[in-house]
Amino acid sequence: MSFIDVYTDFIFLEDAPERADIIFIPGSDEGALALRAAELWRAGYAPRILPSGKYGKLVGHFKGDSRFETECAFLCDIRVVSETQRTIETILKN
């Protein structure tokens, strides 16, 4: 196995999901993280989702969607595609 193969296997490692107490979303301006968390939540992997994040220290503000001040606020607003169209923020309150 080459160095590049070993390195990319380490960087892009993805384990099979397991049941947990909570699904943690690390702070990011990448909405795909919230959508994946919602998929795992709908599949019953955890009863709660916990988004996080303020903004990057080097930038000093949230560089994503200008409607939001923080990464957490952005991640909470990502629509969860379900029969009730609940947002992650609604899931957190329940």
Side-chain angles (χ1 to χ4, degrees):
M1 192 175 247
S2 75
F3 171 77
I4 292 176
D5 291 334
V6 172
Y7 188 72
T8 56
D9 285 349
F10 173 75
I11 298 270
F12 301 109
L13 180 68
E14 183 174 333
D15 293 326
E18 296 180 18
R19 300 220 181 277
D21 295 327
I22 197 162
I23 298 167
F24 177 75
I25 309 173
S28 174
D29 61 355
E30 190 62 48
L33 295 174
L35 294 175
R36 178 66 175 142
E39 289 174 8
L40 293 170
W41 175 80
R42 278 195 312 277
Y45 283 98
R48 299 275 185 265
I49 298 174
L50 177 62
S52 68
K54 187 173 181 182
Y55 45 76
K57 290 181 180 182
L58 296 176
V59 179
H61 61 87
F62 177 55
K63 65 180 184 173
D65 189 322
S66 62
R67 295 175 297 156
F68 305 101
E69 291 185 26
T70 65
E71 296 163 344
C72 185
F74 169 71
L75 294 170
C76 285
D77 195 65
I78 299 293
R79 299 299 290 178
V80 176
V81 181
S82 70
E83 61 279 355
T84 58
Q85 289 294 299
R86 295 189 292 181
T87 62
I88 289 177
E89 187 172 51
T90 304
I91 294 168
L92 285 168
K93 291 178 182 176
N94 293 330

- Mind running side-chain contact (heavy atoms from CB on, under 4.5 Å) on Glu71 and Phe62 for me, showing each step along the way? CA-CA 6 Å; Glu71 296 163 344; Phe62 177 55; 3.6 Å; yes

Would you name the heavy atoms of [X] and [Y] that are closest together and state the gap between them?
X     : Y     : value
Ser52 : Phe24 : OG-CZ, 3.3 Å
Ile49 : Ile25 : CG2-CD1, 3.5 Å
Asp21 : Ala46 : C-CB, 4.1 Å
Pro47 : Ala20 : CD-O, 3.7 Å
Pro51 : Cys72 : O-SG, 3.6 Å

- Parallel, tilted or perpendicular: rings of Phe74 and Phe68 (30°, 60°):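 Phe68 vs Phe74 ring planes: perpendicular.
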
Side-chain donor-acceptor pairs under 3.5 Å in residues 29-36, sequence neighbours left out?
from: Arg36; atom 1: NH1; to: Glu39; atom 2: OE1; distance (Å): 3.1

- Supply the atom-to-atom distance Arg19 CZ to Leu40 CG, rounded to the nearest 0.5 angstrom.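 These two atoms lie 10.5 Å from each other.
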
